[in-house]
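Presented below is the structure to which this report refers.
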Amino acid sequence: MREGPATAIRREDYAAPAFWIRSAELVFDLEPAKTIVASRLTIERNADVPEGRPLELHGEGLTLLRVLADGASVSFRHENNLLVIDQPPAAARFVLEIRNTCAPEKNTALSGLYTSGGGFFTQCEAEGFRRITYFLDRPDVMAVFTVTLRADKTRYPVLLSNGNLVETAELDNGRHLAKWHDPFPKPCYLFALVAADLVCREQRIRARSGRDHLLQVYVRRGDLGKTEHAMNSLIASVAWDEARFGLSLDLERFMIVAVSDFNMGAMENKGLNIFNTKYVLASPATATDDDFVGVESVVGHEYFHNWTGNRITCRDWFQLSLKEGLTVYRDQEFSMDMAGSPSARAVKRIGDVRALRAVQFPEDAGPMAHPVRPDSYVEINNFYTATVYEKGAEVVRMMATLVGRDGFRRGMDLYFQRHDGQAVTCDDFAQAIADANPGSALAQHLPVFKRWYAQAGTPTLQARGTHDAAARRYTLTLRQRATPSPGQPDKQPFVMPVAMGLLGADGRGLPLQLEGEAAPAGTERVLVLTQAEQSYVFEGIDAPPVPSLLRGFSAPTRLDDGLDDASLRVLLRHDADPFNRWEAGQRLTLRCMQTALRDGTAPTLTDDHIDALRGLLRHTALDAAFKEQVLSLPTESYVAEHADSVDPQRIHTVREQLRQQLAERFQADWAWAFEAHQVREGFRPEPGQAGARALANLALQMLVLQAVRTGDTVWPGRAYQRCKDAAPMAERYGALQALVDAHADLAEPALAQFRARFADEPLVIDKWFMLQAEAPEPLGSGAGRVFQRVKALMQHPDFSLKNPNRARSLLVSLCMRNPAAFHRADAAGYVFWADRVIELDALNPQLAARLARSMDRWSHLAEPWRSAAREAIARVAAKADLSNDVREIVTKALDA
Ligand code: B3K
Ligand code: ZN
């Protein structure tokens with residue numbers, strides 16, 4: 001199983017392959033213990049590469065039975081997971097025939113061909129195809145695939161692969177056959193097969209182009225009732241890509257298959273997307289609003305890959321953000337367009353930025369920091385990161401801001417015109433967007449802009465303003481600063497689009513007239529910062545304004561605008577930009593927590609702050625979803641990212657104290673909010689209802705928290721009743737969370753009932769584990785209640801490390817999402833972490849590597865955590881037979 005010594009692959013070493021594979025005909029005889037793969041590859045020499053090079057095919061963990069070249073035997077050797085043919089036929093084109101076996105039922109890594117719930121499934125990205133058969137497993141080698149599947153008909157009635165079904169037949173011994181042909185050349189990472197006992201929901205649609213398509217969602221028997229939302233999301237995705245980007249579905253048939261053992265969210269295999277059940281199955285009784293939103297966005301994401309990823313793919317894995325950053329940008333825009341109202345769009349943007357700051361900013365400041373286009377990697381699976389995905393999407397978003405919405409569409413059109421059917425680089429993408437928009441700020445500054453692809457780390461944007469009353473001028477000076485990251489000590493300035501406005505004392509947006517302009521135009525601008533420092537002079541400004549900068553989070557940077565509390569309250573009350581309005585509230589709260597942390601005191605919300613928050617909560621025009629975002633506190637990890645020496649226990653205490661104050665000071669408001677946001681009509685997964693439920697759930701949490709302190713029994717009783725009676729999971733789960741978080745006594749029976757009721761719903765049982773692992777440690781108890789509970793839950797009959805969703809529901813929840821429970825002064829959390837990483841690594845290296853990243857920020861911890869964390873990492877690193885995946889993470893962590 002274990003690879004050889006880990007060596008770094010470097011971007012600068014890219015070389016085109018010596019051979020192409022033009023077509024691949026594969027025949028699978030599927031058996032769980034031993035599957036036979038017969039492959040017939042049409043291979044062509046790459047005329048651009050000097051002759052005489054050996055043919056080196058990737059293959060990992062395979063048993064080779066036979067190799068023939070043009071029908072004759074050929075000599076070969078094995079070398080480090082390569083099958084080397086030193087003297088392939090001299091012809092420009094030849095046929096290689098290979099027979100090998102693999103063992104799907106032993107494949108616990110869930111990469112390549114594996115079994116799950118009695119069926120066969122594949123996951124080939126990034127390098128899983130080599131675990132199925134020998135191939136040039138690199139994305140720039142694109143072949144036309146024809147795939148024949150043969151399997152027992154009773155156990156595997158459904159046989160699927162990419163493209164179109166061209167033949168079915170009955171075979172002897174109860175077996176049957178299906179043959180699929182995918183007309184589009186593709187890299188092998190987009191290959192997929194499924195053989196299982198599944199049922200499907202079908203829908204025929206006619207696209208704008210007039211073409212008919214068959215859409216199918218395959219699930220296990222019994223889950224069909226939970227597929228409506230996925231199907232609706234797929235239909236919406238097809239329509240959206242046509243309307244917004246002019247991109248239509250290019251296959252007669254598009255299939256989604258759900259599988260419960262899956263390492264990530266989903267996979268965009270051509271015409272045959274394979275999904276984690278978590279992102280397919282949703283019914284009002286089993287899924288929360290967030291779950292419904294997750295299904296829509298992942299269905300959209302994978303579907304959009306059909307053009308951005310599949311039709312145009314990556315030349316090499318360093319270019320991963322070419323498809324991932326762009327496709328995340330597209331799925332974010334899709335979700336915003338689906339959300340509808342400006343306020344619902346803003347809530348989506350707030351959620352995306354929250355996620356970016358929660359995961360990508362720390363990544364960019366830690367040992368795994370890497371540019372959006374990395375320069376080297378040991379294990380490519382470790383680079384499916386928030387930087388490549390989410391920061392990559394921000395880079396695309398900045399391009400869109402710089403060229404405008406129509407300009408971006410022109411750029412995309414040119415990108416497809418130039419590169420459809422090719423494997424290309426991030427440079428090709430940026431060039432197309434710029435070339436389609438000559439004269440734009442992007443075209444003018446393209447080489448500087450592209451530093452976003454090359455330089456890691458989150459830059460800081462400093463802004464200071466001075467007002468000249470006599471001249472009626474306001475001068476805004478912007479400065480940017482980048483901090484060093486691993487391997488990149490010195491950095492150069494970025495191009496930053498800074499969307500902004502100026503507010504007068506009454507909160508109204510001031511007309512903006514830059515020096516040199518004839519007249520004011522509008523109340524919002526995008527300033528384009530291209531140098532380390534630039535100043536902008538606004539004319540006709542009578543009094544010192546409050547600047548509202550980086551509206552909508554127009555660049556992925558940390559803003560230091562030097563605003564005082566009073567100015568932030570002006571923004572919180574009045575900013576026309578909902579993102580900055582929310583941001584001002586978060587900053588005020590963060591400040592309050594930071595003061596408490598610095599002074600060793602309890603945090604206190606000032607009356608002004610409370611009035612401003614109450615004004616928002618009771619506002620008659622704002623959406624509930626937005627209010628819920630404004631009233632939610634920054635996470636403990638977010639607070640930690642703003643501290644130099646992190647004491648996780650102290651941060652937890654301060655945040656919990658603040659939560660108690662919010663509960664107490666707003667008690668009457670919470671009671672109002674809960675009652676006023678009850679959804680009386682039937683459950684629909686739409687932003688209006690979801691927002692009301694989110695605010696009601698937050699209110700209920702606060703009311704239960706406060707009740708526990710005062711001894712009141714009414715609200716806990718109502719929460720308990722809601723756990724029992726609430727029809728939609730969105731409400732039931734909110735009530736259960738309120739109890740688990742605050743009311744130890746009622747939480748126990750509520751949890752027991754919840755588990756019994758949903759015993760046959762694995763995704764709900766995942767939530768049951770997660771809720772317990774993410775519960776806040778009660779203040780002052782010091783007992784480590786949550787940690788002990790997680791250890792006990794590891795022994796629960798429903799727990800298994802082999803199912804990634806289940807393993808994540810306990811381990812990732814504790815180690816990455818519950819800092820106070822995890823970072824124990826006695827180091828027991830770290831010992832537990834190290835044991836689990838080692839244990840998981842033997843089963844599933846990708847999952848183990850993900851858990852390993854819980855320790856990324858160890859060097860920012862205060863003592864005693866810091867030393868204890870280092871020791872635990874060193875213990876993992878000292879293990880002899882680690883996977884490359886985990887070794888890369890822990891080695892980099894120790895270098896921090
Ligand atoms: N492209 C896949 C991710 C593959 C991860 C491989 N370790 C899903 C996605 O981004 O759409
Ligand atoms: Zn993707």
Side-chain angles (χ1 to χ4, degrees), residues 60 107 109-112 114 121-131 137-139 162 186-192 233-234 237 241 256-259 261-276 278-280 294-314 316-335 352 355 359 372 374 377-393 396 426 429 804 808 844-853 883-886 888-889:
E60 219 177 277
N107 184 352
L110 311 183
S111 159
Y114 64 93
F121 300 84
T122 53
Q123 171 55 37
C124 294
E125 188 178 0
E127 296 176 339
F129 194 76
R130 63 186 64 181
R131 293 160 58 89
D137 189 355
R138 44 186 290 168
N162 318 82
K186 65 171 178 286
C188 63
Y189 83 85
L190 290 172
F191 163 84
S233 303
L234 180 57
S237 304
D241 220 8
I256 287 179
V257 178
V259 59
D261 295 291
F262 204 65
N263 274 344
M264 63 273 171
M267 177 64 211
E268 70 264 24
N269 318 299
K270 183 82 189 185
L272 178 57
N273 288 186
I274 297 183
F275 272 59
N276 188 324
K278 180 171 164 56
Y279 294 106
V280 175
V295 169
E296 181 183 89
S297 91
V298 178
V299 167
H301 181 96
E302 306 312 329
Y303 177 76
F304 304 141
H305 266 315
N306 190 47
W307 283 93
T308 50
N310 301 3
R311 288 286 287 252
I312 304 184
T313 192
C314 303
D316 54 76
W317 289 123
F318 296 102
Q319 318 298 328
L320 183 57
S321 198
L322 171 82
K323 74 178 178 80
E324 295 305 347
L326 177 54
T327 304
V328 170
Y329 170 75
R330 276 153 53 70
D331 85 54
Q332 289 176 348
E333 288 292 298
F334 165 63
S335 295
D352 289 341
V359 186
V372 168
Y377 60 76
V378 173
E379 171 51 62
I380 184 56
N381 284 320
N382 284 334
F383 285 80
Y384 286 73
T385 58
T387 299
V388 166
Y389 276 63
E390 275 75 28
K391 187 177 182 180
V396 174
C426 298
F429 175 74
R808 276 188 288 259
N844 185 334
Q846 282 184 45
L847 195 56
R850 163 123 172 80
L851 183 65
R853 294 205 52 194
S883 65
N884 281 345
D885 308 55
V886 168
E888 179 171 34
I889 302 297

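Indexing begins at 1, ligand by ligand and atom by atom, following the structure's order.
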If I consider every N, O or S atom in His305, which one ends up closest to the Zn ion (ligand 2)? I only need its name. NE2
Look at the N, O or S atoms of Glu324, main chain and side chain alike, and state whether any lies under 2.8 Å from the Zn ion (ligand 2). yes
Can you name the side-chain contact (heavy atoms from CB on, under 4.5 Å) partners of Ser335, sequence neighbours left out? Glu296, Ser297, Lys348
Report yes or no: does Asn884 contribute a side-chain atom to a donor-acceptor pair with the main-chain N or O of Ile380 at less than 3.5 Å? no
Taking the ring centre of each residue, are Phe334 and Phe304 less than 6.0 Å apart? yes
Under a 3.5 Å distance rule, please check whether Asn269 uses its side chain to pair with a backbone N or O of Ala192 as donor and acceptor. no
According to ring pair (Phe, Tyr, Trp, His ring centres under 6.0 Å), who are the partners of Phe429, at least two apart in sequence or on a separate chain? Tyr415
Return the name of the atom in His301, of element N, O or S, nearest to the Zn ion (ligand 2). NE2
Locate the shortest heavy-atom distance separating Val372 from Gly392; write the atom from each residue and the value. CG1-CA, 3.9 Å
Considering only heavy atoms, which protein residues lie less than 4.0 Å from any atom of ligand 1? Glu125, Ala126, Met264, Ala266, Met267, Glu268, His301, Glu302, His305, Lys323, Glu324, Asn381, Tyr384, Tyr389, Gln846
Could you pull out all residues at least two apart from Tyr377 that satisfy ring pair (Phe, Tyr, Trp, His ring centres under 6.0 Å)? Phe318
